[in-house]
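Written out below as structure tokens is the structure these notes cover.
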Amino acid sequence: MRGNIDFVLDEHKSNFTRISNKFLQDIRLSNGARGLLAQLLSLPGDWCLYKTSLKDYNASKRTAIDSCLKELQELGYLNIRKNDDGTFNYKVVELPEGVFTIFDMLNAQKKQCTVENQQSIVDSENEHCSKPSLNDVENQQVLTKYTNNKILTTTKSVVSENSSNEELKKYIEESYELTFTDDFYEKILQVCNERGLDVKDYFDWLYQEKKDSAKKLDSYLYKSACNVNLINEYIRVRKQKEKILSYEDPEQICPSCGHKFKSIDFITRQCICGLSLDEIQAMEGGSNE
């Protein structure tokens, strides 16, 4: 089946970089960290890298670059070593241990569904692939790694887990190098507790939303963090993400093998028996999508 992306590519004869698709498709990486890693890998071998100069050839601000560098270090893509003379050495790793691509995720889900479908045939010919039981040990490890890397997360907040003033202050200072007066932390905590929101998640969202548009970001955040319209917009965005995560696929059962379609099957548009979704729907004489 033909995809829905048209690529406009250059014919590379010089000045190009050969890199693996795996880190470009690593679902643990943010797009900012992914782009910075690609840029680092494109640099020549004799390049002298200075952390302070990264902001000079990036549109992102220093705090955003620092956040991306920290992310790359945590995931093993970057190792920074300080020398005795005070200089630094940077080791950029194209494929560290633990890379987990979207295709790894889809294959794990596909394998899981296949195992469950085979078991359901043994148990009863009238039963189909149901809710994952995660009995397959190898697949359990893959999906556990996927979950542990905070990919499958919901946006439900627990008020009791919200930080204290000091914890929130430390979090913002360490993550964004921003400092506010005590009344800021008190107000934003109070508002988030009243609305049942995760204060750190809300601040992260607000910072990412406004970091490129606000002229004086710290002043803007101080004045606007408790703005009702902004909070409502945050809640709307989070609910939309929850809706996407909780989306239930339409009912589709393969008339050939009895397999009940899951999300992975609608993505690949193919049943585990090999029939395409179009062929199945043609057999049924209508579309169930």
Side-chain angles (χ1 to χ4, degrees), residues 27-37 51-56 58-75 77-78 80 146-247:
I27 55 181
R28 305 172 305 157
L29 281 172
S30 67
N31 283 333
R34 193 189 326 275
L36 181 58
L37 177 59
K51 183 178 176 182
T52 53
S53 67
L54 284 173
K55 62 180 178 61
D56 295 332
N58 280 285
S60 301
K61 295 183 180 180
R62 188 186 70 178
T63 51
I65 294 174
D66 288 344
S67 178
C68 291
L69 288 172
K70 181 180 179 182
E71 182 180 343
L72 292 175
Q73 286 181 274
E74 291 176 347
L75 294 177
Y77 283 101
L78 179 65
I80 303 176
Y146 177 60
T147 305
N148 287 343
N149 280 293
K150 300 181 180 180
I151 303 302
L152 293 175
T153 57
T154 65
T155 57
K156 295 181 179 179
S157 305
V158 180
V159 177
S160 60
E161 293 181 356
N162 267 342
S163 311
S164 65
N165 286 14
E166 289 302 317
E167 289 173 333
L168 180 60
K169 180 179 180 180
K170 182 179 179 182
Y171 173 76
I172 293 176
E173 286 180 350
E174 291 180 350
S175 301
Y176 303 104
E177 297 183 1
L178 295 173
T179 303
F180 301 96
T181 55
D182 290 341
D183 64 310
F184 170 82
Y185 305 109
E186 293 175 2
K187 289 179 180 178
I188 193 173
L189 275 170
Q190 181 180 353
V191 170
C192 288
N193 284 336
E194 289 175 353
R195 302 294 292 270
L197 307 177
D198 183 328
V199 66
K200 291 181 181 178
D201 188 66
Y202 170 61
F203 188 88
D204 291 341
W205 171 84
L206 184 61
Y207 179 89
Q208 295 299 326
E209 283 290 304
K210 303 301 179 182
K211 65 178 182 179
D212 296 323
S213 59
K215 293 183 178 180
K216 293 185 178 180
L217 184 60
D218 53 348
S219 177
Y220 177 87
L221 292 173
Y222 178 81
K223 295 177 180 179
S224 307
C226 297
N227 181 278
V228 174
N229 292 331
L230 280 175
I231 293 174
N232 288 339
E233 174 64 13
Y234 164 77
I235 293 174
R236 185 192 67 78
V237 171
R238 305 314 290 180
K239 284 184 177 180
Q240 183 65 28
K241 288 188 177 181
E242 285 184 355
K243 183 178 180 181
I244 293 173
L245 288 171
S246 62
Y247 169 76

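For this chain, numbers begin at 1 and follow the sequence in order.
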* To do: Please report the C-alpha distance between I65 and K51 in whole Å, then the side-chain angles of each, then the deciding distance to 0.1 Å, and finally whether the side-chain contact (heavy atoms from CB on, under 4.5 Å) criterion is met.
  => CA-CA 9 Å; I65 294 174; K51 183 178 176 182; over 6 Å; no
* Working to the nearest 0.5 Å, report the span between CG of L189 and CG of L197. => 11.5 Å
* **K223 atom NZ, neighbour heavy-atom count above 12 within 6.0 Å** => no
* Will you find, in the side chains of S175 and Y207, an N or O donor that is under 3.5 Å from an N or O acceptor? -> no
* Euclidean distance, K216 NZ relative to Y222 OH, rounded to 0.5 Å -> 15.0 Å
* Could you tell me the separation between the CD1 atom of I172 and the CD1 atom of I188, rounded to the nearest 0.5 Å? => 6.0 Å
* salt bridge (Lys or Arg N to Asp or Glu O under 4.0 Å) against E177, all qualifying residues, sequence neighbours excluded -> R62
* To do: Report yes or no: do D183 and T181 form a side-chain donor-acceptor pair below 3.5 Å?
  => yes
* To do: In sequence, state the C-alpha distance, the side-chain angles, and the governing distance for L36 and L78, and then conclude on side-chain contact (heavy atoms from CB on, under 4.5 Å).
  => CA-CA 11 Å; L36 181 58; L78 179 65; over 6 Å; no
* **Check ion pair K169-E166 (N to O, under 4.0 angstrom)** => no
* Step by step, work out the side-chain contact (heavy atoms from CB on, under 4.5 Å) result for R195 and N232. => CA-CA 10 Å; R195 302 294 292 270; N232 288 339; 2.8 Å; yes
* Nearest 0.5 Å, what's the CG-OG distance between N58 and S53? -> 9.5 Å
* side-chain contact (heavy atoms from CB on, under 4.5 Å) evaluation trace for V237 with E233 -> CA-CA 6 Å; V237 171; E233 174 64 13; 3.7 Å; yes
* Asked: Are E194 and Q190 linked by a side-chain donor-acceptor pair shorter than 3.5 Å?
  -> yes
* **Distance-minimising heavy-atom pair for A33 and C68** => N-SG, 3.5 Å
* Kindly give the heavy-atom pair with the smallest separation between K210 and L217, and that separation in Å. => O-CD1, 3.6 Å
* Asked: Which pair of non-hydrogen atoms, one from Y202 and one from L230, has the smallest distance, and what is that distance?
  -> OH-CB, 4.1 Å
* Asked: In Å and rounded to the nearest 0.5 Å, what is the OH to CG distance from Y171 to D204?
  -> 3.0 Å
* Partner residues of Y185 under the ring pair (Phe, Tyr, Trp, His ring centres under 6.0 Å) criterion, sequence neighbours left out -> none
* Structure fact -> ring pair (Phe, Tyr, Trp, His ring centres under 6.0 Å) filter on F203, not counting sequence neighbours, yields Y176
* So how far is it from Y220 OH to K211 NZ, rounded to the nearest 0.5 Å? -> 15.0 Å
* Please lay out, stage by stage, how K170 and E173 fare under the test salt bridge (Lys or Arg N to Asp or Glu O under 4.0 Å). => CA-CA 5 Å; K170 182 179 179 182; E173 286 180 350; over 6 Å; no
